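Counting convention: from 1, in listed order, for ligands and their atoms alike. Note that the structure is predicted; figures quoted are calculated from it, not measured.
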Amino acid sequence: MLKWLGHSAFELNTSNKMLLIDPWISNPNSPAKVKDYYNADYLIVTHDHSDHLGDAVEISRNSGAPIIAVFELANFLNESEKVKTIGMNIGGPLKLTSSLSVFLTQAFHSSTHGAPTGTIVKTDTATIYHAGDTGLFGDMKLIGQVYKPDIMLIPIGGFFTMNPEQAAIAVQMVSPKIAIPMHYDTFEAIKQDPLEFARIAKGLSPGTEVVVLKPGESIELR
Ligand code: ZN
């Protein structure tokens with residue numbers, strides 16, 4: 001099960017493990033409370049901006065879940081916040097269990113500690129690509145070829161990341177079975193209509209189903 005918690009935050013439940021990506025659970029559109037996630041097993045943080053690092057430190061402290069992030073960010077959090085981290089880099093995999101592994105991918109964005117990233121999470125039922133915060137870049141095509149994501153989580157808010165038109169081109173390059181828009185409507189600067197994204201993406205990539213979730217809604221992995 002993959003649940004959107006608003007902004008770029010997702011909860012993934014697979015093989016009795018709970019993994020959170022970019023766990024800003026206290027975002028303005030969140031349906032959940034941070035303490036609901038004190039039972040998380042793993043946290044992935046794509047980069048150190050506060051809307052992505054979010055509540056990772058509090059959740060890690062209370063759950064013991066390690067924060068998986070690019071090497072420099074993982075070291076920084078381990079030293080400054082004394083939380084458990086796993087520092088890796090673009091490439092991978094990090095094998096968490098026999099049926100769950102994590103890769104980091106390139107993302108075109110900025111960050112203070114280490115490179116900004118996207119992430120691939122491979123489960124025994126689906127491969128998920130969370131693009132992080134990123135502009136459009138041509139090697140998304142390579143990410144599609146190498147990892148063959150079933151589900152792509154893609155920022156459409158514009159201003160800081162891709163806008164709906166650019167995100168639709170990204171979907172065309174990656175060619176996932178399902179694309180889910182994220183990183184919009186959290187603040188004024190990133191207000192967007194996800195249905196406009198769905199319409200353009202459908203035109204460019206007819207084989208992809210665009211699923212527009214509301215915060216708190218989920219899909220089953222397939
Ligand atoms: Zn960012």
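- Protein N/O/S atoms found under 2.8 Å from the Zn ion (ligand 1), listed by chain and residue number: H47 NE2, H49 ND1, H109 NE2, D133 OD2.
- Salt-bridge annotation for E81 and R61: present, with a side-chain N of the basic residue lying under 4.0 Å from a carboxylate O of the acidic one.
- Atom NZ of K191 is surrounded by more than 12 heavy atoms from other residues, nucleotides or ligands within 6.0 Å.
- Around CZ of F71, the count of heavy atoms belonging to other residues, nucleotides or ligands within 6.0 Å does not exceed 12.
- Heavy atoms from other residues, nucleotides or ligands lying under 6.0 Å from CZ of F187 number more than 12.
- Between V70 and V45, every side-chain heavy-atom pair lies at or beyond the 4.5 Å cut-off.
- Taking the centre of each ring, Y184 and W4 come in below the 6.0 Å mark.
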